[in-house]
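Ligands are counted one by one from 1 in listed order, and the atoms in each one are counted from 1 as well. All heavy atoms count here, side chains included; hydrogens, waters and symmetry mates do not. Everything numeric in this text was worked out from a predicted model, so none of it was measured.
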Amino acid sequence: MSSPISLSRYLVEKQRIAGHIPAQLRLLLEVVARACKSISHAVNKGALGGVLGSAGSQNVQGEVQKKLDIIANEVLIDANEWGGHLAAMASEEMEAIHVVPNRYPKGEYLLLFDPLDGSSNIDVNVSIGTIFSVLKMPEGDRGVEEEDFLQPGSHQVAAGYCVYGPQTTLVLTVGDGVAMFTLDRELGSFVLTQDDLRIPDDTQEFAINMSNLRHWDAPVRRYIDECLAGKDGPRGKNFNMRWVASMVADVHRIMMRGGVFMYPWDKREPNKPGKLRLMYEANPMSWLIEQAGGAATNGRQRILDVQPQQLHERVSVILGSKNEVERVTRYHLDADAAS
Ligand code: AHG
Ligand code: MN
Ligand code: MN
């Protein structure tokens with residue numbers, strides 16, 4: 001049996017053999033993975049490490065911050081600012097961008113993250129995670145500004161997430177498919193456990209927060225109604241439902257066995273396009289899903305083509321098995337055409 005492939009070796013081979021990633025990007029991904037290991041450690045300590053509960057503060061989105069939201073954010077910043085591979089970072093937990101301090105060399109990449117996804121699950125010992133996206137700094141010899149981050153998801157050069165669940169699993173793309181690594185705690189390293197992940201085109205499983213049903217728009221209701229009608233309905237088959245309420249865990253399940261995930265626009269806050277954030281939740285997840293053969297739209301447009309206007313902007317998200325995402329998108333476009 002051949003020896004296991006570590007994340008380090010995987011990345012070195014991507015750089016050396018495939019010529020696919022520059023050395024600085026390799027370093028960046030190694031550092032992000034190291035930060036995820038450290039977050040995983042804190043998550044695992046739970047009450048013993050004093051990391052549970054609220055931090056007593058709010059983030060820019062007006063959400064109550066948990067202690068682990070803040071710890072994970074600090075771990076990612078501390079790990080990434082001194083290596084010379086980054087120009088700046090942006091996070092769900094920080095209103096403004098974090099430019100690499102002048103005492104450190106600056107690199108050409110921009111890193112965005114949701115340091116701790118699924119905050120409502122922290123204190124109840126359910127899977128949570130970290131989501132990240134890497135962009136290149138636009139050309140030009142000047143200081144970094146927020147506008148430099150406002151690039152569509154199609155410009156990402158790397159994206160990934162780490163799930164802190166029964167296992168700690170890192171899922172990564174640099175644009176040539178999706179690879180999955182599992183943290184070996186004895187070795188202290190991520191080991192490649194599945195390469196070239198593929199999502200089936202069809203599914204009989206959907207993920208949506210059903211408690212919002214009365215607030216949804218007609219196309220989403222139509223889709224879910226048809227799923228719920230089961231074998232005797234227009235779809236002619238029964239559907240199952242899963243909702244972890246941690247996007248990382250719901251997306252990971254879809255990576256493993258297919259499915260469709262939706263957090264659509266709803267009438268609770270009609271002026272917001274959705275709940276999830278475009279730049280550090282929807283974009284990295286959409287690219288990973290596409291790289292695994294799935295699809296991701298906001299109901300009308302490919303998410304990766306959305307031009308961001310603001311760092312923390314929100315978006316409606318429909319992603320997963322291709323044929324289902326296309327169906328939900330078609331229902332939206334049909335409704336638009338009929339109105
Ligand atoms: P975060 O913890 O980073 O704020 O993200 C939580 C998100 C996402 O992970 C999940 O899919 C969704 O919120 C759950 O929302 P509901 O509680 O409305 O179901
Ligand atoms: Mn999140
Ligand atoms: Mn978060």
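- The pair Asp336-Arg300 counts as a salt bridge, with a side-chain nitrogen and a carboxylate oxygen less than 4.0 angstrom apart.
- Under 4.0 Å is where a charged nitrogen must lie from a carboxylate oxygen, and between Lys275 and Glu269 no such pair does.
- In this structure, the side chain of Gln204 engages the main chain of Asn238 through a donor-acceptor pair within 3.5 Å.
- The residue from Arg277, Lys66, Arg314 that alone fulfils the salt bridge (charged side-chain N to carboxylate O under 4.0 Å, His left out) condition with Glu92 is Arg277.
- Between the side chain of Trp265 and the backbone N or O of Pro270 there is at least one donor-acceptor pair closer than 3.5 Å.
- At distances below 3.5 Å, not a single donor-acceptor pair connects side-chain atoms of Thr130 with backbone N or O atoms of Tyr161.
- Tyr263 is not listed as a side-chain neighbour of Glu281, based on a closest heavy-atom distance of 4.5 Å or more.
- A salt bridge does not link Arg214 to Asp266: none of the charged side-chain nitrogens sits closer than 4.0 Å to a carboxylate oxygen.
- The contact shell of ligand 1, taken as protein residues with any non-hydrogen atom closer than 4.0 angstrom, comprises Glu63, Glu92, Asp114, Leu116, Asp117, Gly118, Ser119, Asn209, Trp243, Ala245, Ser246, Met247, Phe261, Tyr263, Lys275, Leu276, Arg277, Glu281.
- Taking the side chain as every heavy atom from C-beta outward, Val12 and Arg9 never approach each other to under 4.5 Å.
- Protein N/O/S atoms closer than 2.8 Å to the Mn ion (ligand 2): Asp114 OD2, Asp117 OD1, Glu281 OE2.
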